[in-house]
Amino acid sequence: MVRGKTEMKRIENATSRQVTFSKRRNGLLKKAFELSVLCDVEIALIVFSSRGKLYEFSSSSIQSTIARYGERSGEDTRNSIVEQDVQQGKMEADCLSKKVELLETSKKQLLGEKLGSCSLDELHDLEGKIEQSLQKIRKRKYHLLEEQISQLNEKVASLLKENESLREESKLLPQLPTGASKEVTPCPSYQNVSTQGDHNDVETELRIGFPGRGSHSVSV
């Protein structure tokens with residue numbers, strides 16, 4: 001009698017499920033034992049039943065096997081992570097390289113270079129981009145000019161205000177008489193001497209000897 005193929009799905013009948021578990025569990029433990037002996041390999045087998053009961057088999061020590069598995073799994077995980085990071089880094093580098101190349105090409109095209117491979121639509125689009133750039137440049141230039149004009153107007157207003165203040169201060173200073181004489185009046189004594197010299201003779205007397213001792217005088 002040919003045995004039919006068992007369908008891989010959960011057995012709904014609890015009794016049949018328990019019988020199948022017991023048979024296959026024993027077969028699994030037997031195969032693990034045979035594999036460890038025949039091939040000299042380290043095997044650790046852990047099984048929990050649906051009721052939570054533990055069944056285990058180990059060719060040496062299940063704890064050491066689990067620890068060895070943890071170390072190896074950690075290394076594999078780290079190596080896998082490193083490899084993924086390297087691959088991702090390469091992909092990002094390639095992507096950035098392509099972006100830089102596209103930017104360089106776009107820059108040269110904006111400068112009027114490498115236009116031979118451009119189609120009519122691409123040239124039209126490039127012309128629109130250049131026009132937009134020129135509009136932004138002009139807008140910025142006009143803005144700076146307006147700022148400079150505003151600053152100059154403020155400076156002119158400040159100078160006018162300062163000039164007006166100086167005028168007000170000058171009005172408060174004392175004013176000189178308009179008809180003030182600039183001639184210098186001669187000294188009266190010199191004038192008298194000069195006048196007398198014109199009309200009178202001046203007498204001089206020369207005395208010889210000590211005063212009071214029979215000095216002789218000579219008129220000139």
Side-chain angles (χ1 to χ4, degrees), residues 1-137 139-140 143:
M1 183 175 179
V2 180
R3 189 174 182 181
K5 186 177 180 180
T6 304
E7 186 179 1
M8 288 294 109
K9 69 175 184 178
R10 181 177 181 272
I11 301 174
E12 297 297 335
N13 186 275
T15 304
S16 299
R17 186 168 61 244
Q18 183 62 35
V19 171
T20 302
F21 172 73
S22 299
K23 290 181 179 179
R24 290 183 178 268
R25 180 201 63 202
N26 294 332
L28 180 62
L29 295 174
K30 181 179 179 181
K31 291 294 183 182
F33 171 74
E34 292 176 352
L35 183 62
S36 64
V37 174
L38 294 175
C39 301
D40 192 19
V41 295
E42 184 177 355
I43 295 178
L45 178 62
I46 300 175
V47 179
F48 285 96
S49 67
S50 59
R51 297 178 180 179
K53 190 174 181 179
L54 172 64
Y55 301 90
E56 62 180 22
F57 167 80
S58 175
S59 58
S60 58
S61 171
I62 196 167
Q63 297 296 334
S64 62
T65 304
I66 292 174
R68 183 179 177 184
Y69 168 77
E71 293 176 358
R72 184 59 180 272
S73 177
E75 292 179 359
D76 293 342
T77 302
R78 287 192 295 270
N79 293 334
S80 178
I81 293 174
V82 171
E83 186 177 356
Q84 290 178 0
D85 291 340
V86 171
Q87 293 296 331
Q88 185 176 0
K90 288 182 179 180
M91 292 176 61
E92 290 178 354
D94 293 339
C95 184
L96 289 175
S97 178
K98 291 180 180 179
K99 287 183 179 179
V100 170
E101 185 177 356
L102 290 175
L103 289 174
E104 289 291 336
T105 303
S106 177
K107 177 182 176 182
K108 291 181 179 180
Q109 289 178 351
L110 289 173
L111 295 175
E113 301 176 1
K114 291 188 176 182
L115 300 176
S117 60
C118 295
S119 63
L120 183 60
D121 293 336
E122 291 175 346
L123 291 174
H124 183 71
D125 184 40
L126 184 61
E127 184 180 8
K129 290 181 180 179
I130 294 174
E131 185 63 29
Q132 291 179 0
S133 300
L134 287 175
Q135 291 177 0
K136 292 180 180 179
I137 293 171
K139 184 177 180 181
R140 178 59 180 171
H143 178 70

Residue pair L28 / V47: nearest heavy atoms and the distance that separates them: CD2-CG2, 4.4 Å
When you measure from the side chain of T105 to the backbone N and O of E101, does any donor-acceptor pair fall under 3.5 Å? yes
Pairwise distance CG(L35) to NZ(K31) - rounded to 0.5 angstrom: 10.0 Å
Give a yes or no on whether R17 atom CZ has more than 12 heavy-atom contacts from other residues, nucleotides or ligands under 6.0 Å away. yes
In terms of heavy-atom contacts, A32 and I43 come closest through O-CD1, 3.3 Å
Inspect the surroundings of OH in Y69 and state if more than 12 heavy atoms from other residues, nucleotides or ligands are less than 6.0 Å away. no
Tell me whether the count of non-hydrogen atoms from other residues, nucleotides or ligands lying under 6.0 Å of CD in E113 goes above 12. yes
Does the pair F33 and K30 meet the rule for a side-chain contact (heavy atoms from CB on, under 4.5 Å), with working shown? CA-CA 5 Å; F33 171 74; K30 181 179 179 181; 5.8 Å; no
Within a 6.0 Å radius of atom CG on D40, are there more than 12 heavy atoms belonging to other residues, nucleotides or ligands? no
Heavy-atom closest pair, residues S61 and S64: O-OG, 2.8 Å
Crowded around Q135 CD? As in, over 12 foreign heavy atoms under 6.0 Å? yes
Of the non-hydrogen atoms in L29 and L45, which two are nearest, and what is the gap between them? CD2-CD2, 3.2 Å
Rounded to the nearest 0.5 Å, what separates atom CG in L126 from atom CG in D121? 12.5 Å
Counting only N and O atoms by type, is there a donor-acceptor contact under 3.5 Å from the side chain of S133 to the main-chain atoms of K129? yes
Any non-hydrogen side-chain atom of S36 less than 4.5 Å from a side-chain atom of F57? yes
Do the side chain of N26 and the main chain of S22 share a donor and acceptor less than 3.5 angstrom apart? yes
With a 4.5 Å cut-off on side-chain heavy atoms, are C95 and M91 touching? no
Can you establish whether the number of heavy atoms outside Q87 located under 6.0 Å from its atom CD is more than 12? yes
Show the nearest heavy-atom pair for residues C118 and L123, with the distance to one decimal. CB-CD2, 3.7 Å
Got a second to check how far I66's CD1 is from E56's CD, nearest 0.5 Å? 8.0 Å
Test: R10 and E12 ion pair at under 4.0 Å: yes
If you look at every heavy atom in E42 and S59, which pair is closest and at what distance? CA-OG, 3.3 Å
